[in-house]
There are 2 protein chains.
Amino acid sequence: MAEELFKALADPTRRTILDELADRSGQTLFEICGRLSMKHRLGLSRQAVSQHLAVLESAGLVETRREGRYKYHDLNTAPLRQITDRWPVPDPSRPEESTP
Amino acid sequence: MAEELFKALADPTRRTILDELADRSGQTLFEICGRLSMKHRLGLSRQAVSQHLAVLESAGLVETRREGRYKYHDLNTAPLRQITDRWPVPDPSRPEESTP
DNA sequence: TTGATAGGCAAGTCGTCACTTGCCTATGGT
DNA sequence: ACCATAGGCAAGTGACGACTTGCCTATCAA
């Protein structure tokens, strides 16, 4: 599970896809292709994006729902929690000190 | 910066190294090699581990300090914060609801 | 039914990455 | 001075991953 999560995050295009889904949830494959092309100047084929979405879905970061011939993609950030669960990040508001 | 962070996290051996540094901070290269070999049955060469540490250091996840002929490695989880800053993770204690 | 739209499957190419091997530098003990 | 220990540098290899190309299926509108 962790393996797929980190593999999914390793690619910059996939991270951009997550950004776009965070900006607007429930996009179709073609909408995502358009955003990557227009906003980020990424000239990827439709299949490339589709493969990226499959990787993100297998990591649990993207969930899909079918309606007719459309397939909508939603962001799910819950899997990211296991990262900070595994390596706790100190609170920046309390710079550094041992737990009193 | 983000690129190096996620690349660093992408490899399972590097994640195990982070685990070991979280368990015991300030280890030398040889100590880490020993732990990977004994606790995780990872038969890596010393150079392989050294290269992994270099990747982790360039991501800011590991910091080093030299003392004599020893080089100690310390974990720094602060860079992980940019992950949850970029894609906010919902609080699991309040399952789901719009901010009231 | 035909055509257009939205998406899926599979093989092939090319580059990147993890790891090894071999040799070199530096510090410390005796 | 020696030798062992701790670490670094660089080239070579093998495998995996990103992307393309080509073809196929399914839904909806005319």
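Note that this is a predicted model, so its numbers are computed, not measured. Labels below follow one simple rule: chain letters A, B, ... track the order of the sequence lines, proteins then strands, and each chain is numbered from 1. Hydrogens, waters and symmetry mates are skipped; everything else that's a heavy atom, side chains included, is used.
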Electrostatic pair A:Arg15:A:Glu20 at N-O distance under 4.0 angstrom
no
Treat primed atoms plus P, OP1 and OP2 as sugar-phosphate and everything else as base, then score nucleotides 25-30 of chain D 5' to 3': B for base contact with protein heavy atoms under 4.0 Å, S for sugar-phosphate contact only, - for none.
--BS--
Taking atom P of D:dG7 as reference, at what distance in whole Å does atom CZ of B:Arg65 sit?
12 Å
Nearest whole Å is fine: how far is C:dT5 C1' from A:Leu29 CG?
12 Å
Would a hydrophobic clustering, with Ile, Leu, Val, Met, Phe, Trp and Tyr connected at side-chain separations under 4.5 Å, put B:Leu44 with B:Val62?
yes
Are any of B:Lys71's side-chain N or O atoms less than 4.0 Å away from OP1 or OP2 of D:dG8?
yes
Is there a salt bridge (Lys or Arg N to Asp or Glu O under 4.0 Å) between A:Glu67 and A:Arg65? Walk through the geometry before answering.
CA-CA 7 Å; A:Glu67 286 180 22; A:Arg65 51 196 160 89; 3.7 Å; yes
Please encode protein proximity along nucleotides 15-20 of chain C as a string of B, S and -, counting only heavy-atom distances under 4.0 Å.
--SSBB
Distance, rounded to the nearest Å, where A:Phe6 contributes CZ and D:dG17 contributes C1'
18 Å
Any side-chain N or O of A:Thr28 below 4.0 angstrom from OP1/OP2 of C:dA6?
no
Starting at CZ of A:Arg66 and ending at P of C:dG7, how long is that distance when rounded to a whole Å?
7 Å
Filter on side chain to side chain donor-acceptor pair (under 3.5 Å), then keep only pairs touching residues 41-56 of chain B, sequence neighbours left out; what's left?
B:Arg14-B:His52
Mind calculating the distance between CG (A:Leu53) and C1' (D:dA18) to the nearest angstrom?
14 Å
Flag yes if A:Val55 and A:Leu42 sit in one hydrophobic cluster, no otherwise; membership is Ile, Leu, Val, Met, Phe, Trp, Tyr, and two members link when side-chain heavy atoms are under 4.5 Å apart.
no
Please tell me whether B:Trp87 and B:Leu9 are part of a single hydrophobic cluster in this structure, the criterion being side-chain heavy atoms less than 4.5 Å apart.
yes
Examine A:Ile17 and A:Tyr70 and state if one hydrophobic cluster contains both, with Ile, Leu, Val, Met, Phe, Trp and Tyr joined whenever side-chain heavy atoms are less than 4.5 Å apart.
no
Closest heavy-atom pair and its distance - A:Thr77, B:Val89
OG1-CA, 3.5 Å
